[in-house]
S.K.: 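If you scroll down you'll find the structure; I have some questions about it.
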Amino acid sequence: VVPSAAVRPKARLLADRALALDDSLAEVHEATALVHWYLEWDFEGARAEYLRALTLNPHSAVARALMGILLADLGRFAEAREQVAQAVALEPVSALIGFYSASTLAISGPLEEALPECERVIDLDPNFLPGLWCYATVLSHVDRHQEAIEIVERAHAVPHRQAFFLGC
């Protein structure tokens with residue numbers, strides 16, 4: 001784990017280089033959006049990059065799902081939910097997209113509405129740590145603490161730790 005201030009300049013340099021090499025790739029704009037969002041706290045810059053990514057590839061479930069979380073962070077809950085619903089429709093068996101969807105539902109509330117999506121993610125991949133973490137977090141916030149503890153214990157039993165970002 002490295003402080004964001006330590007990686008920000010290199011991430012910005014690499015994002016700019018990728019844009020210079022080929023700004024017609026949706027994935028380049030998705031990555032650039034993450035630099036704006038997570039390292040520079042430039043939410044509007046991130047939103048613009050996701051919009052560009054979706055213009056280039058309207059079928060990108062990742063761009064739609066991340067746009068959903070960003071919009072939820074901005075308090076634009078109806079738009080956020082629409083984006084993640086479209087992402088799930090594009091990739092209904094992706095645990096990652098389901099995790100992003102559950103996170104967006106949790107942010108936009110009420111929390112109880114995120115539970116079925118958390119459960120769906122765990123059904124898709126019982127060892128998907130981001131899904132387990134999100135599920136435990138939501139359970140805890142709705143005062144289902146014993147179930148949350150059981151999910152955390154289950155997560156600790158997963159043999160290989162998976163790196164992840166973005167959470168509920």
Side-chain angles (χ1 to χ4, degrees), residues 1-109 113-114 116-118 120-125 127-135 137-138 160-168:
V1 177
V2 179
S4 60
V7 297
R8 185 181 307 119
K10 186 172 184 177
R12 168 50 57 202
L13 178 71
L14 293 173
D16 289 344
R17 184 170 176 216
L19 286 167
L21 287 171
D22 191 349
D23 75 342
S24 70
L25 295 173
E27 295 83 0
V28 168
H29 293 279
E30 291 171 20
T32 302
L34 290 172
V35 172
H36 280 293
W37 186 3
Y38 283 101
L39 298 176
E40 300 172 343
W41 292 86
D42 175 8
F43 298 109
E44 285 307 315
R47 185 177 161 278
E49 289 295 335
Y50 284 129
L51 287 173
R52 179 72 177 134
L54 290 168
T55 298
L56 293 168
N57 181 5
H59 302 292
S60 172
V62 170
R64 286 208 179 278
L66 290 173
M67 173 70 104
I69 294 173
L70 174 64
L71 290 168
D73 282 349
L74 294 171
R76 297 166 66 170
F77 300 137
E79 292 172 82
R81 287 170 170 258
E82 178 58 33
Q83 288 295 329
V84 295
Q86 289 180 42
V88 169
L90 287 165
E91 290 191 26
V93 296
S94 168
L96 179 64
I97 297 302
F99 162 68
Y100 292 151
S101 174
S103 297
T104 300
L105 294 172
I107 293 166
S108 61
E113 290 185 14
E117 189 67 355
C118 291
R120 189 180 75 81
V121 170
I122 302 309
D123 287 343
L124 288 169
D125 185 346
N127 294 322
F128 185 57
L129 288 177
L132 291 166
W133 177 79
C134 187
Y135 192 23
T137 301
V138 173
H160 301 288
R161 299 288 186 236
Q162 304 163 355
F164 72 101
F165 62 96
L166 301 179
C168 53

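Along the sequence shown, the residues carry numbers beginning at 1. Only this structure's heavy atoms are used, side chains among them; waters, hydrogens and symmetry mates stay out.
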S.K.: With a 4.5 Å heavy-atom cut-off, do W37 and I69 have their side chains touching?
M.R.: yes
S.K.: For A87, which residues count as a side chain to side chain contact (heavy atoms under 4.5 Å, CB included) partner, sequence neighbours excluded?
M.R.: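 Here the qualifying residues are A61, R64, A65, I97.
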S.K.: Do Q83 and L70 touch side chain to side chain, with heavy atoms closer than 4.5 Å?
M.R.: no
S.K.: Keeping to residues at least two apart or across chains, list the salt bridge (charged side-chain N to carboxylate O under 4.0 Å, His left out) pairs with something in residues 69-78.
M.R.: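 For residues 69-78: R76-E79.
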S.K.: For residues I122 and G131, report the shortest heavy-atom separation together with the two atoms involved.
M.R.: CD1-C, 3.5 Å
S.K.: Could you go through residues 43-58 and list every donor-acceptor pair under 3.5 Å that involves a side-chain atom there, pairing it with any protein atom two or more places apart or in another chain?
M.R.:
unit_1 : atom_1 : unit_2 : atom_2 : d
E49    : OE1    : H29    : ND1    : 2.5
T55    : OG1    : L51    : O      : 2.9
N57    : OD1    : H59    : N      : 3.0

S.K.: Would you say that D16 contacts T32 through its side chain, given a criterion of any heavy-atom pair below 4.5 Å between the two side chains?
M.R.: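 No; the side chains remain at least 4.5 Å from each other.
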S.K.: Could you check if a side-chain atom of L96 sits within less than 4.5 angstrom of a side-chain atom of F99, using non-hydrogen atoms only?
M.R.: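 Yes - at least one pair of side-chain heavy atoms lies under 4.5 Å apart.
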S.K.: Tell me, which pairs form a salt bridge (charged side-chain N to carboxylate O under 4.0 Å, His left out) where one or both residues lie in residues 22-42, sequence neighbours left out?
M.R.: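 Sorted pair list: R12-E40.
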S.K.: Could I get the full list of side-chain hydrogen bond (donor to acceptor under 3.5 Å, both in side chains) partners for S108, not counting sequence neighbours?
M.R.: R81
S.K.: Would you compute the distance between atom CG of L132 and atom SG of C118 and round it to the nearest 0.5 angstrom?
M.R.: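 Here the interatomic distance stands at 10.0 Å.
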S.K.: Residues two or more places apart in sequence or in another chain: which of them pass side chain to side chain contact (heavy atoms under 4.5 Å, CB included) with A11?
M.R.: V35, L39
S.K.: Nearest 0.5 Å, what's the OG-CH2 distance between S4 and W41?
M.R.: 8.5 Å
S.K.: Testing the basics here: between T104 and A80, what is the closest heavy-atom pair and its distance to 0.1 Å?
M.R.: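 Smallest heavy-atom distance, with atoms named: CG2-CB, 3.7 Å.
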S.K.: For a 4.5 angstrom cut-off between non-hydrogen side-chain atoms, does L66 reach Y100?
M.R.: yes
S.K.: Against E117, only a single residue in V88, V138, V84 fulfils side-chain contact (heavy atoms from CB on, under 4.5 Å); can you say which?
M.R.: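 That would be V88.
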